[in-house]
Chemist: 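Shown below is the structure under consideration.
The model shown is predicted, which means the values in this text are computed figures rather than measured ones.
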Amino acid sequence: MFTEELKAFRRLGFRHVLLQALNFASVIASGLMIWKGLGLITNSESPIVVVLSGSMEPAFYRGDLLFLTNPAAERYHNGDITVYKVPGADIPIVHRVLETHDGKSRGSSPIVQRLLTKGDNNEVNDIELYRGLDYLERKHIVGKVRGFLPYIGYVTIAMNDFPQLKYALLGGLGLLALVQRE
Amino acid sequence: MARKKTANGAAQDISTATTSTDSIPSPPSPDRPPGPLSLPPLPGPREVVKVNNYSTTELKNACDDAVKRYLSRPELFQQNHQHTDVRLALGWLSVFVAGGTGLYGYKVEFEQSKPVVWVGLILYMLLTFTQTLYSYFIEGDIVFVGKRKTFSKRIITERITLSSRTIPVSSSSSNSTPITPPQYSLSLSYVRSTSANKSLLAKGKTQARAPYSRFFDAEGGMDGDAFERWVGEVVEEGMGGLPASKES
């Protein structure tokens, strides 16, 4: 299957192999840079997240894609849907803000707020999930939900549950970039 | 050797191979170094190149590769890899900048990493932009840049640059005139001078085009001999030697 391509590589020399490898590497690099740029513009560590649980039904279902921003100069209000990460846990959680306690902030110093959240579909608020904390601070918040796309997140969920899919996809993409020429 | 200056691009609607030349006549040999047609073909079986006939990209790439292979034979020109090297350097540098920025953002916590990530992002965008500008303006259509030094009475330096593009299928509005198949257009500029460019011996600009169907059969196999002969004719014409034969 690859004999034609391998013969072509041997014929065309080392520079050609480097060029084709550059094709693949620059696709990855540009994707990475777009992601980082988006993170910087939205001021959020992870501006696009996937809903993993059903704790926000009927607003968000498992597999929805969420778009976040984290404006540093705005206060969060009751009813905002936030994504937060408790220190020590690696999975971000999407829940609604139940209570805010605002601290005084002067001029350009960062906004001080303490937040309590609760999932729409949960019976109780999130104190249990805070791992010892009594409230969330702004630094734990990844962002506020601005928009969503239903079902798209299932691709990410599938790739997490079946890592072979991730490698297959990456491998396929790499192969395509290596043998195709501009 | 008197030479008529033919108008450039005079034959647009002919689907057979056409050539147009603009050159300073060169004195009759012995000053003229050997052109590619005077070289014997390489011994041994030729490697068969097979491409997808329906993709003009693949056809053009196959022709470009054949040109590079043909003209960089040891007796002919030495290829100058500057354009490729610049593209490789800028490209790989931007990949490493992106990788480094990504790694830094992964290791360091978000708020702290922001300044460095900004720097990395701006650097990456600058490098990509520079590479695009270079490819578009400076490299353009060029596929081969070569140089050769020969010695006969004095050191003769030749410089040759070839660019190519595909002329796509053109259909005319009326049904009576035939549609031209996709063609490979090769442009060549050639300079011959004595050592240290003290005196110009010959200078030529040639352009030729031929339909791809002349060099590729129905299965997509490339007729390397026919292609090399055609390229050789164009190069010799640019060198100021034999006139190219005009036939389909």
Side-chain angles (χ1 to χ4, degrees), chain A residues 2-47 68-70 72 83-85 87 90 92 110-111 137-143 177 179-182, chain B residues 46-52 55 57-58 60-62 64-66 68-69 72 79 81-85 87-106 108-125 127-128 131-132 135 220 224:
Chain A
F2 300 115
T3 44
E4 279 298 322
E5 280 74 28
L6 284 177
K7 268 201 287 182
F9 280 145
R10 226 177 316 132
R11 191 174 55 224
L12 294 166
F14 182 58
R15 271 192 177 82
H16 177 75
V17 175
L18 273 183
L19 271 173
Q20 294 300 106
L22 179 65
N23 268 353
F24 176 56
S26 63
V27 169
I28 307 275
S30 60
L32 187 63
M33 284 287 100
I34 290 175
W35 174 253
K36 286 276 170 253
L38 203 61
L40 284 176
I41 294 173
T42 57
N43 193 34
S44 161
E45 181 182 341
S46 174
L68 315 173
T69 64
N70 186 22
V83 176
Y84 63 89
K85 266 211 315 212
D90 49 344
I111 291 187
E137 295 172 33
R138 279 298 288 268
K139 65 179 185 194
H140 301 128
I141 308 285
V142 174
V179 300
Q180 211 171 17
R181 292 174 66 181
E182 250 115 88
Chain B
R46 177 188 292 279
E47 210 176 321
V48 174
V49 180
K50 251 183 90 93
V51 296
N52 175 12
S55 157
T57 316
E58 278 195 45
K60 177 180 184 300
N61 284 334
D64 290 343
D65 295 339
K68 284 182 226 178
R69 267 202 318 278
S72 39
Q79 189 172 4
H81 293 281
Q82 185 197 330
H83 293 310
T84 312
D85 288 346
R87 173 188 281 214
L88 279 176
L90 284 177
W92 278 109
L93 195 62
S94 68
V95 165
F96 287 134
V97 164
T101 310
L103 202 66
Y104 182 81
Y106 180 71
V108 175
E109 184 258 324
F110 180 66
E111 285 293 324
Q112 280 176 305
S113 71
K114 279 205 276 200
V116 176
V117 175
W118 268 117
V119 169
L121 187 70
I122 304 277
L123 201 63
Y124 176 81
M125 294 202 298
L127 283 170
T128 315
Q131 188 196 341
T132 311
S135 279

Chemist: Can you give me the closest heavy-atom contact between B:G102 and A:L32, atom names plus distance?
Modeler: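 Result for this residue pair: CA-CD2, 3.9 Å.
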
Chemist: Measuring from A:K36:NZ to B:S113:OG, what's the distance to the nearest 0.5 Å?
Modeler: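 Taking NZ in A:K36 and OG in B:S113, the distance rounds to 7.0 Å.
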
Chemist: Test side chain to side chain contact (heavy atoms under 4.5 Å, CB included) on A:K139 and B:E111 and set out the steps.
Modeler: CA-CA 9 Å; A:K139 65 179 185 194; B:E111 285 293 324; over 6 Å; no

Chemist: Is A:S44 close to chain B through its backbone or its side chain, or both, or neither, when contacts mean heavy atoms under 4.5 Å?
Modeler: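 For A:S44, the backbone is the part near chain B, not the side chain.
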
Chemist: Which answer fits A:L19, side chain, backbone, both or neither, if we ask what part of it has an atom under 4.5 Å from a heavy atom of chain B?
Modeler: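 A:L19 touches chain B through backbone and side-chain heavy atoms alike.
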
Chemist: Can you sort out the partners of B:Y124 under ring-ring contact (aromatic ring centres under 6.0 Å, His included), two or more places apart, ordered by chain and number?
Modeler: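 Testing B:Y124 for ring-ring contact (aromatic ring centres under 6.0 Å, His included), a comparison that skips the adjacent residues, returns none.
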
Chemist: For A:L18 and B:W92, run side chain to side chain contact (heavy atoms under 4.5 Å, CB included): C-alpha distance rounded to whole Å, both residues' side-chain angles, the deciding distance at 0.1 Å, then the answer.
Modeler: CA-CA 9 Å; A:L18 273 183; B:W92 278 109; 4.1 Å; yes

Chemist: What part of A:A21 gets within 4.5 angstrom of chain B, counting heavy atoms only: side chain, backbone, both, or neither?
Modeler: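 For A:A21, backbone and side chain are both near chain B.
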
Chemist: Pick whichever of B:V97, B:V117, B:T101 has the most heavy-atom pairs under 4.5 Å with chain A.
Modeler: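 Of the candidates given, the most pairs with chain A belong to B:V117.
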
Chemist: List the steps, then state whether side chain to side chain contact (heavy atoms under 4.5 Å, CB included) holds for A:H16 with B:T84.
Modeler: CA-CA 9 Å; A:H16 177 75; B:T84 312; over 6 Å; no

Chemist: For residues A:L22 and B:G91, report the shortest heavy-atom separation together with the two atoms involved.
Modeler: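 Heavy-atom minimum between the residues: CD1-C, 3.4 Å.
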
Chemist: Applying side-chain contact (heavy atoms from CB on, under 4.5 Å), can you list everything that pairs with B:L121, at least two apart in sequence or on another chain?
Modeler: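 B:L121: side-chain contact (heavy atoms from CB on, under 4.5 Å) contacts with A:M33, A:L40, B:W118.
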
